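Note on naming: letters A, B, ... go to the chains in the order of the sequence lines (proteins, then strands), and numbering restarts at 1 for each one. On a predicted model such as this, the values are computed, not experimentally measured, just so you know.
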Number of protein chains: 2
Amino acid sequence: MASPTLSDVAQAAGVSYATADRVVNKRGNVAEKSIRKVRDAMAALGYVRNVAAANLSRGRVYRLAFLIPLGPNAFFNRIRDHLKITAERLQTEQIRVEIIEVAAFGVEDMQAGLTALLEQDFDGVAIVGLKSAALEQPLAALRQKGVAIVGLVSDLPIDYRSAYIGIDNRVAGRTAARLIGMAHGGGKGLVQTFAGALAAHDHAERLAGFQEVITADFPKIALLNPLMTKDAAAVVQSQASAALAQHPDLTAVYNVGAGNSGLIAALTLAPRKPFCVVHELVPHTRKAVEAGHIDIVIDQRPDVEINRAFSVLRALIDEQGVPRMPELVPTIYLRDNLPGAPFPETMKDKTT
Amino acid sequence: MASPTLSDVAQAAGVSYATADRVVNKRGNVAEKSIRKVRDAMAALGYVRNVAAANLSRGRVYRLAFLIPLGPNAFFNRIRDHLKITAERLQTEQIRVEIIEVAAFGVEDMQAGLTALLEQDFDGVAIVGLKSAALEQPLAALRQKGVAIVGLVSDLPIDYRSAYIGIDNRVAGRTAARLIGMAHGGGKGLVQTFAGALAAHDHAERLAGFQEVITADFPKIALLNPLMTKDAAAVVQSQASAALAQHPDLTAVYNVGAGNSGLIAALTLAPRKPFCVVHELVPHTRKAVEAGHIDIVIDQRPDVEINRAFSVLRALIDEQGVPRMPELVPTIYLRDNLPGAPFPETMKDKTT
DNA sequence: CAAAAAATGATAGGCGTCAATCATTATTCT
DNA sequence: AGAATAATGATTGACGCCTATCATTTTTTG
């Protein structure tokens, strides 16, 4: 009943342990015939290699690095928190995690960070929310060295990473559009969108997806030109206030980027409240949902992403191929399914 | 730089390996003073036990059983599929999974299934979607034996399980209500709900949550009495058709239970299409979303639940306590964020 | 057919931990 | 103090696999 070991396989195949070992570890110098015998025996016995034993034997430790933009951004804080908790838990499995913080928008810093990675020998690297052509050089070098690379939250050039773990931002934008459209109940509408900058791929994609759906499926809803905010709360606030004042018939707002505290502030002051959709559940957006200023938060589930990053990195390092896992879907939060607080008080004032 | 071993700890603490071992494995017969010395040394060196080595040494294999209702139910099929895939992958980590199918609504079968578990010695059991007072006896016996028990998808009596992995159905119902409410854009409405049977806790909870939110926050929306369907598609279809005919002003329908193919059929035939919310993304509901017959699917993410079941069971068996993980949230699908193929191809396949 | 090359066998030490044994040393009790 | 008890030390053989070495056999080649 005990699991068969490699010795069992060797015996069943009628070869020595050494030969069986040569086969499973691809050491070469084995006759085709023997390879077949061993393979057959493995199949017959249902042999599965005991990775624990293997890793123990070869003294493997998984050395992983997470590159995360530095700064007070609430979303990245969330990532960092989850990362720390998970890393802690994975210590027992010989996984060592280093969190490397990189100045958010300085290309040189990123390059420096990546280059530094080359020195230390990591087995895998997850790169969070950094995208720049300037990264290609060091990424290529890392890859060359056999380091597993995954893009987290925002994708990397496809040639330089083995996997992307994050949501499809076009889908996220479309989702926002569908919800906003629905909330108009077939009526007319006017929507103001906000983005950090169109240079940011994810923002551009969200906006594109958003516009696609609105134009295609909700002809009665008009779109104002997106306002660029640099993801700065102050900018968002002033622009949002201006937009609210200028368009008394505004029915909805959608911010694809950050700086939501500004948006919330503007909405709090506004006499009417348009339907409001934003991204990422962080303390202040959460509060705003509870208060009724924000109707919907579309979230990436960084916790899920982090978990997945670990399993993918590990699989890549073990050369097992990326496990098949269902797609990551932008999660929709509204006041009733916020995690943590089961039952919010119901809204007294009715809106939309 | 290498991780400290227990020998290192012993040395640093100035005791023998044997004593250090007595401390970490709680074998007793150790002086307080020594315990302290060892603990301090562990902290100082940052010792973490190498579980791989430990499990190897004690020849541990995790023997897990999943009890799943038998039958052609699309949702349970989904669970089963994910389970198989995951189990396959976890073989390398000495996790052996047995899927035990139990006749869905036969209490005796369930009991028999559980009692059978007692004979074989499993380390952990996950019980999916079965709830009955008749289970208490065998559950208690299992627990007594030290088997870790988790409820999956639908909860077990709290005294007989160590964890529940599933969504909060009241939250799910509230979520549905909020979405339906939103979709009325502040206008009037009339909603028909469907449930399998109120005896099913999850159905009752969903309905309750749903009614809570509608009555509290959407006073212009009227609720018809829920129709009981026994989760049978044929019943759903006839009732839905009747309701649609009888209430020309019906604006929305919400089915908390199964039998959605009947609902879809009825909607397809209907001249007007009310806003439609159902549960669980399975092939036919998915198709209906794409076709525009269903507007929203609220899903449990069985894949996520399965994954979590494994980590929780493992943690329980290792006596590490249940890791803190973010709550499971009912996921909202609409036509724009439907996941691609349920099981995307592997991105890179290298057989070992 | 002998020599070279390729394949195979046999075996051993180590990875970190567990579990056990036996001998030795401290501590407590009468 | 001496005996009984508790605590500690020292050591060993698994567990399954990796890695390496060296001897032996088989196959290929000229």
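Annotation: proximity of residues 20-34 of chain B to DNA chain D (heavy atom, distance under 4.0 Å) is found for R22(B), N29(B), V30(B), A31(B), S34(B), numbered in ascending order.
Annotation: side chain to side chain contact (heavy atoms under 4.5 Å, CB included) contacts of L83(B) (sequence neighbours excluded): F66(B), I68(B), I99(B), I306(B), F310(B). Under the side chain to side chain contact (heavy atoms under 4.5 Å, CB included) criterion, R60(A) pairs with N55(A), R58(A), Y62(A), D123(A), I317(A), D318(A), sequence neighbours left out. Applying the side chain to side chain contact (heavy atoms under 4.5 Å, CB included) criterion to A18(A), with sequence neighbours excluded, gives S16(A), R22(A). With sequence neighbours excluded, no residue forms a salt bridge (charged side-chain N to carboxylate O under 4.0 Å, His left out) with R308(B). D168(A) pairs by the salt bridge (charged side-chain N to carboxylate O under 4.0 Å, His left out) definition with nothing, not counting sequence neighbours.
Across all strands, V51(A) comes closer than 4.0 Å to no nucleic acid atom at all (heavy-atom distances). Base contact: L56(A) has a heavy atom under 4.0 Å from a base atom. The residue A54(A) sits close only to the backbone: its heavy atoms come under 4.0 Å of sugar-phosphate atoms, none of a base.
Scanning DNA chain C 5' to 3' for nucleotides with an atom closer than 4.0 angstrom to a non-hydrogen atom of chain A gives a first and last hit of dA7(C) to dG16(C). Taking the 5' to 3' direction, DNA chain D first and last meets chain B under 4.0 angstrom from a heavy atom at dA7(D) to dG16(D).
Pairs of residues two or more places apart, or lying in two chains, never qualify as salt bridge (charged side-chain N to carboxylate O under 4.0 Å, His left out) while including a residue from residues 10-20 of chain B. For residues 26-60 of chain A, no residue pair satisfies the ring pair (Phe, Tyr, Trp, His ring centres under 6.0 Å) rule, not counting sequence neighbours. Residues in residues 25-52 of chain B take part in these salt bridge (charged side-chain N to carboxylate O under 4.0 Å, His left out) pairs, two or more places apart or across chains: D21(B)-R27(B).
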Side chains of residues 84-95 of chain A: which donor-acceptor partners sit under 3.5 Å, not counting sequence neighbours?
residue	atom	partner	partner atom	Å
T86(A)	OG1	H82(A)	O	2.7
T92(A)	OG1	R89(A)	O	3.1
E93(A)	OE1	R314(A)	NH1	3.0

Show your reasoning for whether salt bridge (charged side-chain N to carboxylate O under 4.0 Å, His left out) applies to D121(A) and K145(A).
CA-CA 9 Å; D121(A) 36 41; K145(A) 219 182 137 197; 5.3 Å; no
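Closest-nucleotide positions on DNA chain D for G14(B) and R58(B) were compared, and the one nearer the 5' end corresponds to G14(B).
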